[in-house]
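Below, all heavy atoms of this structure are taken into account, side chains as well, without hydrogens, waters or symmetry copies. Treat the numbers as computed from the prediction; the structure is a model and nothing was measured. Whatever order the structure lists them in is the order used to number ligands and atoms, beginning at 1.
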Amino acid sequence: MQDLRGRTVDYLRLSVTDLCNYRCLYCMGEDGVCKKDHSQILALEELAEIGRAAVACGVRKIRLTGGEPLVRRGILDLCRMLRKLEGLKELTLTTNGAALPAMAAALKAAGVDRLNVSLDTLQPEKFRALTRLGELQQTLSGLAAAEAAGFTGTKINTVLLGGINDDEIADLAALTREKDLCLRFIELMPLGECANWPRERFLSADAVLQALPQLERIGGDGVAELYRIPGWRGTVGLIRPMSRCFCAACSRIRVTADGKLKPCLHSDQEIPLRGLRGAELEAAIRRGAAAKPAGHRLAAGHSSEAVRTMNEIGG
Ligand code: SAM
Ligand code: SF4
């Protein structure tokens, strides 16, 4: 699919739930979200039909996300259904890792190609405070379980939080010394819970280059700048939605757990997909992809126009 500005759109982020077993400070309120009635959330068959239609429209990569996708009942069935889609090159999933010790092998068997695991700190106390409900050891065990299950090229997502985890840049990057991991530092975006956080929390990814002057640029991977420390096995990525807007290279569309297609994370534009099937659904997806806005204006000090929080949109 192409949008009206000539960008190829071939990547779908499909949110399977807005619920989560964590309450990360920057993402969700302390009380979580109001549990929606089952009927408000897409059923597995609806999610699979959206995946099918998206692939028929030219999507080649689907990332399952949320909320926490591993708390969604039937997630393994959904993975199996999506994996059967001819034309789908990559099925990936973003998770906080808490359920990976129990589920990594089953996810691999269900056809998930790659995992992104979110990890913002290596300090147990800080981890507890940041996630409100999480235990660091669980995510570390999850990473080990993913490796044991045969996952390779696992990416770790670390949101840069000024005054909170910028003292750990070197420690986090050291995870790539012995392992074939890509540790991606992501600039915090002001939306939802953190929209009005103080400026010092929003760090440019330049902080990583300053903390690790030995990093050597080795290219790019989608929207990430890729680096390596000479002699280390893994890589370090920088994702800079704030300091270097990558909207011109954006290839993604998102579908929320209640069935709204979002052409852009930061726009309030939503195209309802519920109730549509077959050719009608494909036409709606094409319309949504075509309508992608030129880009966001966060760096210019404008706030995100997204009316939902990150766990609702699907990060
Ligand atoms: N629960 C899963 C997880 O945490 O990996 C998947 C959903 S979560 C919303 C997806 C990713 O979005 C996580 O890596 C999280 O750190 C990131 N995220 C959430 N809010 C963000 C924000 N305001 N700016 C940048 N990244 C954010
Ligand atoms: Fe849950 Fe992921 Fe949001 Fe943390 S970032 S509260 S793990 S959805």
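- Nearest non-hydrogen protein atom to atom 17 (C) of ligand 1 is Val159 CG2, 4.2 Å.
- A salt bridge links Glu282 with Arg52: at least one charged nitrogen is closer than 4.0 Å to a carboxylate oxygen.
- Checked for salt-bridge contact, Glu90 and Arg63 miss the test: no charged N lies under 4.0 Å from a carboxylate O.
- Across the listed options Cys24, Gly66, Cys27, Gly67, Gly67 owns the non-hydrogen atom lying nearest to atom 1 (N) of ligand 1.
- Against a heavy-atom cut-off of under 4.0 Å, Glu187 is close to the following atoms of ligand 1: 25 (C).
- The closest approach between any non-hydrogen atom of Glu193 and ligand 1 is not below 4.0 Å.
- Of the charged side-chain nitrogens involved, none lies within less than 4.0 Å of a carboxylate oxygen, so that Lys89 and Asp10 do not count as a salt-bridged pair.
- With respect to Glu30 and Arg23, no salt bridge is recorded, no charged nitrogen being found less than 4.0 Å from a carboxylate O.
- Here the shortest heavy-atom distance to atom 3 (Fe) of ligand 2, taken over Cys20, Cys27, Cys24, Gly29, belongs to Cys27.
- In this structure, Gly192 falls outside the shell of residues with a heavy atom less than 4.0 angstrom from ligand 1.
- For ligand 1, the atoms closer than 4.0 angstrom to any heavy atom of Leu191 are 23 (N).
- Annotation: atom 10 (C) of ligand 1 to nearest protein heavy atom, Gly315 CA, 3.7 Å.
- Salt bridge present: Arg83 and Asp113 bring a charged side-chain N and a carboxylate O closer than 4.0 Å.
- A donor-acceptor contact shorter than 3.5 Å is absent between the side chain of Lys260 and the backbone of Glu270.
- Between Met28 and Cys20 the shortest heavy-atom distance is SD-CB, 3.7 Å.
- Between atom SG of residue Cys27 and atom OH of residue Tyr22 there is a gap of 13.0 Å, rounded to the nearest 0.5 Å.
- Listed for the Glu49 side chain is a donor-acceptor partner under 3.5 Å among the backbone atoms of Gly278.
- Residue Cys194 approaches ligand 1 through these ligand atoms, each under 4.0 Å from one of its heavy atoms: 23 (N).
- Contact annotation: Gly66 has no heavy atom less than 4.0 Å from any atom of ligand 2.
- Note that SG of Cys247 and CZ of Arg7 are 7.0 Å apart. Values are rounded to the nearest 0.5 Å.
- At a heavy-atom distance under 4.0 Å, no atom of Val117 approaches ligand 1.
- The nearest protein atom to atom 3 (C) of ligand 1, hydrogens excluded, is given as Ser118 OG, 3.3 Å; this is a heavy-atom distance.
- Close approach to Glu68 involves these atoms of ligand 1, each under 4.0 Å from a residue heavy atom: 1 (N), 2 (C).
- For ligand 1, the atoms lying closer than 4.0 Å to a non-hydrogen atom of Leu188 are 22 (C), 23 (N), 24 (N).
- Screening Thr94, Asp221, Asn116 for a side chain to side chain donor-acceptor pair (under 3.5 Å) involving Lys155 leaves a single residue, Asp221.
- Shortest contact from atom 23 (N) of ligand 1 to any protein heavy atom: Met189 O, 2.9 Å.
- Closest of all the heavy-atom pairs between Arg252 and Val9 is C-CG1, 4.4 Å.
- With a 4.0 Å heavy-atom cut-off, ligand 1 is reached by the side chain of Thr65 but not by its N, CA, C or O.
- In terms of protein heavy-atom proximity, atom 20 (N) of ligand 1 is nearest to Met310 CG, 3.3 Å.
- For ligand 1, the atoms sitting less than 4.0 Å from at least one non-hydrogen atom of Asn96 are 2 (C), 3 (C), 5 (O), numbered in the order shown with element in parentheses.
- The protein non-hydrogen atom at the shortest distance from atom 15 (C) of ligand 1 is Tyr26 OH, 3.9 Å.
- The contact set between ligand 2 and Met28, taken as ligand atoms under 4.0 Å from a residue heavy atom, comprises 6 (S).
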